[in-house]
Protein chains: 2
Amino acid sequence: MIRDPLYQLIWMSRPLMQAAEAAVERGLQGSGLTVRMRAVLEILHRNGDASVPELAARLEIKRQYVQVMVNETLQAGLTERRVNPRHKSSALVSLTDTGRALIADVLDREAVLVAQIGAGIDPAEAERALNVVQALTEKLKASVKE
Amino acid sequence: MIRDPLYQLIWMSRPLMQAAEAAVERGLQGSGLTVRMRAVLEILHRNGDASVPELAARLEIKRQYVQVMVNETLQAGLTERRVNPRHKSSALVSLTDTGRALIADVLDREAVLVAQIGAGIDPAEAERALNVVQALTEKLKASVKE
DNA sequence: TCAAAATGACATGTATAATGTCAATAAGTT
DNA sequence: AACTTATTGACATTATACATGTCATTTTGA
């Protein structure tokens, strides 16, 4: 029962997450970024400008907290407000040149780290593991909703 | 880069963990247990009596917080203090009959849930995924320590 | 024997959110 | 155009899950 690989996999998610977050935090050393600022910048970098409620939807956390995160990036000069053609009082948050350069650099260094780590792990195995983990997550979510 | 399965796997750890914790929480409904009390009881159930510092070592969180968790289980009558032959002022925490029955029931129901969820997942695949996740966690930890 | 370590208890601090509320605006509806 | 309803930003409060600091009391081990 305790030997059930699925059970063990479920309980490995916390150590994995903690290790991942520690690694991210370490990669942020000296950048002046916090993990939560990084999260905002990453989404903007990957998906382009977005309003605070849109960011909240992607992050799956409440807009009120995302607002706090975004305000920090605005204050740091890493993002700026732009007119939102879709909603006139809800500005789009957009990376500044500084912000774009910074997040690009952070993500690059993270990619290098992942590549180093991936050296000992077969990409095909990783892909299969990813599929299992995704399926497992879906099923767990579904079990709670029932 | 964003398509790197390893990268995706790393970022799936948070959703997986959240889904898992939501499922655990749901399984605790009506038991009067909190997630943190359950964690204490589970360790005692699997490994037998332990002192607070020993529990803290297993949980990898600070003894001061574990003390709080344990005190809640003591107050709920789910655990009791026993003389510790190894350290005379640090009692062993031990399950009461009530506590033992309760955690056994909770773990049983969790096992049923895992079995249901496992229905759609090949155990061999789960085992391979577990190996990948464990290796990945180790490597991430090592990368932070360097 | 005596210094160093371990323990319980308590107080305070911190990160990551959720929740509640309000006023200003915007959108959709008639 | 008027009116209702929804959205947004801003701010305050609360909650959870820990870490950290400190102290007095044992306990251990040299």
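Letters go in sequence order (proteins before strands), and every chain restarts at 1. Keep in mind that the numbers below use all heavy atoms, side chains included, and drop hydrogens, waters and symmetry copies.
- The interatomic distance linking A:M69 (CE) with C:dA15 (P) rounds to 14 Å, in whole Å.
- Across the protein-nucleic acid pair, A:R81 atom CZ and D:dT8 atom P stand 14 Å apart, rounded to whole Å.
- Of the two residues contacting DNA chain D, namely A:R14 and A:S51, the nearest-nucleotide position lying further toward the 5' end is that of A:S51.
- Regarding B:E60, its CD atom lies at a distance of 18 Å from the P atom of D:dA17, rounded to whole Å.
- Rounded to whole Å, atom P of D:dT16 lies 11 Å from atom CD of B:E72.
- Two different hydrophobic clusters hold A:L92 and A:V68 under the rule that ILVMFWY side chains link at heavy-atom gaps under 4.5 Å.
- Heavy atoms of A:K62 sit under 4.0 angstrom from at least one base atom.
- Comparing A:I61 and B:Q67 along DNA chain C, the residue whose closest nucleotide (by nearest heavy atom) sits nearer the 5' end is B:Q67.
- Between A:R63 and C:dG20, a side-chain N or O to OP1/OP2 separation shorter than 4.0 Å is absent.
- When the P atom of C:dT21 is taken as reference, atom CD of A:Q64 falls 12 Å away, rounded to whole Å.
- For the pair B:M17 CE and D:dT16 C1', the computed distance is 12 Å after rounding to whole Å.
- Closest to the A:P53 side chain, of the nucleotides C:dT16, D:dG9, D:dA10, is D:dG9.
- Closest-nucleotide positions on DNA chain D for B:P85 and B:R36 were compared, and the one nearer the 5' end corresponds to B:R36.
- With values rounded to the nearest 0.5 angstrom, B:D49 atom CG is found 5.5 Å from B:R82 atom CZ.
- Taking atom CZ of A:R86 as the reference point, atom C1' of C:dA27 lies 13 Å away to the nearest angstrom.
- The residue A:V52 sits close only to the backbone: its heavy atoms come under 4.0 Å of sugar-phosphate atoms, none of a base.
- With respect to the salt-bridge test (charged N to carboxylate O, under 4.0 angstrom), the residues B:R14 and A:E60 do not qualify.
- An OP1 or OP2 oxygen of D:dG9 is reached within less than 4.0 angstrom by a side-chain nitrogen or oxygen of A:S90.
- For A:Y65, the listed nucleotide lying nearest its side chain is C:dA17; candidates were C:dA9, C:dA17, D:dA10.
- The CD atom of B:E54 sits 16 Å away from the C1' atom of C:dA5 (whole-angstrom rounding).
- Minimum atom distance to the side chain of A:H87 is reached by D:dT8, of the listed C:dG8, D:dT8, C:dT19.
- Other residues, nucleotides and ligands contribute over 12 non-hydrogen atoms within 6.0 Å of the CZ atom of A:R26.
- For the residue pair A:G77 and A:T96, the shortest heavy atom distance occurs at O-OG1, 2.8 Å.
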